[in-house]
Colleague: 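The structure under discussion is supplied below as structure tokens; questions concerning it will follow.
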Amino acid sequence: MSKLDPLPGISPYPLEHFYDEMYADERSIRPHYRHVSRMFSGMSPEELHAKQKLMQRRMMEEGITFTLYNPAQDQPMERTIPFDMIPRIIPKGEWERLEAGIIQRITALNLFIHDIYHEQYIVKDGIVPRRMIISNVYFRPEMSGLRVPGGAYVTTSGIDLIRHHDGEYYVLEDNLRTPSGFSYLFKGRSLMNQLFPELAFASRVRDVDHSLNRFLSVLRSLSPSRTKDPVIALLTPGQYNSAYYEHAFLAQQMGIHLVEGRDLVAQDHKIYLREMNSLRRVDVLYRRLDDDYIDPLAFQPNSLLGVAGLMNAYRAGNIAIANAPGTGVADDKAMYVYVPDMIRYYLNEEPILGNVPTYLLSRPQERQYVLDHLPEMVVKETSLSGGYGMLIGSEATKEELMDFRLKILADPARYIAQPIMSLSRAPVLSGAEMVPRHIDLRAFVLMGADRKPHVIPGGLTRVAMKENSLVVNSSQGGGVKDTWVMA
């Protein structure tokens, strides 16, 4: 018997007051984890070490990397993303509720974005304050009154969920601009199938590979031209972008063009791909860079990453852009507070999934409460993502707390705060031992011209690789797990 689990069914680490995904209590394993626990517990330390080495070698060979912009001195700029071999498992009934809640949320958010750029009924009816729209850094007046192909603003999205110690799931964030992590989901499943084929087969896990075909179908459905075989391109900032591996992976898997801004040219309000001796018209552009950089004529004039004239072609209805420019108006962390109200307003339904309690620091009473309880709060900049611009009060020094206090007082509308949630934990392998680490779940949603959201089964479980850390973001050193939804 290995050091992994001295006796199958007995937790090898203290459960404390956190919800544990594998262990129901100190002496029992949750039913859906029994097969996985039995298999890993039956492996010797040598076998586990060999599997881990093989996993790392495969990741290096296939270039499954993530680039850190601000790495520690002892870390390389580019690294393989930490991948843990113990899958995170979600029972069928639990997933069905999550899926329904995610579809409900994305449907309401898409309706909200359309409304904001057209009639603004939700503002006129006093549900969302006008200042929240006008002052939002992601609001694009250029999108007002503009027809979006298929009415699908949010073609791809990543909804971040956590499970609290009460066992309930809560939505932590909505990522609607250029969500990343798709490639780690698909490659993680592929690696697990290669290394543990008998485990995945015996566990009756829902397949994710068909979702790549769905991804391509969604992009094709947006094409404004009548051609049977629309030309689709993925616009990347280039090889120095942190998620460049993902851009190359998705383009290769879907058989679409991987392009940079310099590969495209605008002519007669159309966008063309430069080829050896000719130009080929592009019908759909899946962009992986933010609004500011996609067109120097419309947004940042000094951008070298985008395509001059892209927005003119878009306005003329000659190209689809996924996600649509301006989706960030619903991505803002302050707007997150109003999503339950959007669901009630547009769908006349109660939210299936709840928000994490959130304080808007532009409101004097809420701001004062947060300042009085700063060590118990997570404070985030409303317009940033990836774990940047964030304070975790319980881990901060006195100097960091004072620094954030001054920042909040100087510009309160720039921040929101949430109580520190007890993220659930799952076991990860550390050598031949099983240790607990905090996790969250990024669920990926695809939506085409039919506006029927498709949630990829499972999503990506992100792992805080440091003991007791709550920061799971890849940009901050986090790792990932394969996520299994039981069939």
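The analysis underlying the following values was restricted to heavy atoms, covering all of them including side chains, and did not include hydrogens, waters or symmetry mates. When a residue number appears, it is its place in the shown sequence, counting from 1.
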Colleague: Applying ring pair (Phe, Tyr, Trp, His ring centres under 6.0 Å) to Tyr286 and Phe215, what does each step give before you reach the verdict?
Modeller: CA-CA 11 Å; Tyr286 171 37; Phe215 205 146; 5.5 Å; yes
Colleague: Do the non-hydrogen side-chain atoms of Gln104 and Pro351 ever get within less than 4.5 Å of each other?
Modeller: yes
Colleague: Do Asn241 and His247 touch side chain to side chain, with heavy atoms closer than 4.5 Å?
Modeller: yes
Colleague: Under a 3.5 Å distance rule, please check whether Glu260 uses its side chain to pair with a backbone N or O of Gly238 as donor and acceptor.
Modeller: no
Colleague: If the test is side chain to side chain contact (heavy atoms under 4.5 Å, CB included), which one of Asn312, Leu310, Val284 qualifies with Ile319?
Modeller: Leu310
Colleague: Quick test of your reading of the model: are Asp403 and Lys407 salt-bridged, counting only N-O distances below 4.0 Å?
Modeller: yes
Colleague: Between Asp20 and Arg163, is there a salt bridge with N-O shorter than 4.0 Å?
Modeller: no
Colleague: Check the side chains of Tyr33 and Glu21 for a donor-acceptor pair under 3.5 angstrom, ignoring hydrogens and angles.
Modeller: no
Colleague: Does any pair with a residue in residues 112-150 pass ring pair (Phe, Tyr, Trp, His ring centres under 6.0 Å), and if so which ones, sequence neighbours excluded?
Modeller: His114-His118, Tyr117-Phe139
Colleague: Hey, does the side chain of Asp115 reach the backbone of Ile122 with a donor-acceptor pair shorter than 3.5 angstrom?
Modeller: yes
Colleague: Which ring pair (Phe, Tyr, Trp, His ring centres under 6.0 Å) pairs, counting each pair once, include a residue from residues 311-364, with sequence neighbours left out?
Modeller: Tyr359-Tyr369
Colleague: Should we say atom CZ of Arg363 is surrounded by more than 12 heavy atoms from elsewhere, each under 6.0 Å from it?
Modeller: yes
Colleague: Count the heavy atoms of every other residue, nucleotide or ligand shown that sit under 6.0 Å from CD of Glu16, and state whether that count exceeds 12.
Modeller: yes
Colleague: To the closest 0.5 Å, what do you measure between NZ (Lys380) and CD1 (Ile392)?
Modeller: 9.0 Å
Colleague: Quick check with a 6.0 Å cut-off and a 45 degree axis cone: is Arg287 positioned over the face of Tyr293's six-membered ring?
Modeller: no
Colleague: With Arg30 as the cation and Tyr19 as the aromatic partner, state whether NZ or CZ is under 6.0 Å from the six-membered ring centre and within 45° of the axis.
Modeller: yes
Colleague: Any donor-acceptor pair under 3.5 Å linking the side chain of Asp331 with the backbone of Leu176?
Modeller: yes
Colleague: Ala152 and Met447: which non-hydrogen atoms are nearest, and at how many Å?
Modeller: CB-O, 4.0 Å
Colleague: Salt-bridged, Glu349 to Arg344, with N to O below 4.0 Å?
Modeller: no
Colleague: Could I get the full list of salt bridge (charged side-chain N to carboxylate O under 4.0 Å, His left out) partners for Asp25, not counting sequence neighbours?
Modeller: none
Colleague: Is Lys92 atom NZ crowded by more than 12 heavy atoms from other residues, nucleotides or ligands, each under 6.0 Å away?
Modeller: no
Colleague: Search all heavy atoms of Ile102 against all heavy atoms of Val445 and return the closest pair with its distance.
Modeller: CG2-CG2, 3.4 Å
Colleague: Could you tell me whether Arg462 and Asp160 have a side-chain N and a carboxylate O separated by less than 4.0 Å?
Modeller: yes
Colleague: Is the number of heavy atoms from other residues, nucleotides or ligands within 6.0 Å of CG (Asp166) greater than 12?
Modeller: yes
